[in-house]
Amino acid sequence: MRTFLYFLLFMFLAVVVILLAALLGDQGAWYFAWLVGTAMIVLISAASAALLDTQEEHAAGQVAGGTRKPL
């Protein structure tokens, strides 16, 4: 059920974006690219933060355990 709700949400967002692109004319593609680029920057930043946190936890565990092995 949760997946279906996500699908509906994303379909709604797609329709809104398409309507905005049609209403904005030539500038619609620029706004769409800006929204997609902003979303990608946020997602990549979140993934990088999670990776950094995992690496720091791994390094702290290695120091606490007395062994230093490469990742």
Side-chain angles (χ1 to χ4, degrees):
M1 183 69 175
R2 185 176 180 183
T3 304
F4 181 68
L5 291 176
Y6 278 134
F7 174 75
L8 287 179
L9 173 68
F10 292 135
M11 285 300 292
F12 175 74
L13 289 175
V15 168
V16 169
V17 167
I18 290 170
L19 288 175
L20 283 174
L23 292 173
L24 293 172
D26 291 337
Q27 294 182 353
W30 184 89
Y31 284 112
F32 179 71
W34 182 78
L35 287 172
V36 170
T38 302
M40 290 300 296
I41 288 170
V42 169
L43 291 174
I44 290 171
S45 298
S48 298
L51 179 62
L52 179 63
D53 189 43
T54 302
Q55 288 177 343
E56 287 177 350
E57 287 177 4
H58 180 75
Q62 294 294 326
V63 170
T67 60
R68 290 288 293 176
K69 296 179 184 176
L71 292 176

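Excluded from the calculations below are hydrogen atoms, water molecules and symmetry mates; all remaining heavy atoms, backbone and side chain alike, are included.
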Worksheet item: Just how far is it from atom NE2 of His58 to atom CG of Asp53, taken to the nearest 0.5 Å?
Response: 13.5 Å

Worksheet item: Which side-chain hydrogen bond (donor to acceptor under 3.5 Å, both in side chains) pairs, counting each pair once, include a residue from residues 1-14, with sequence neighbours left out?
Response: Arg2-Tyr6

Worksheet item: Would Met40 end up clustered with Val17 when hydrophobic side chains under 4.5 Å apart are linked, directly or stepwise?
Response: yes

Worksheet item: Do Leu8 and Phe4 come close enough that some side-chain heavy atom pair is under 4.5 Å?
Response: yes

Discussion item. Quick check on the hydrophobic clustering: are Leu35 and Trp30 connected, directly or via other members, by side-chain heavy-atom contacts under 4.5 Å?
Written reply: yes

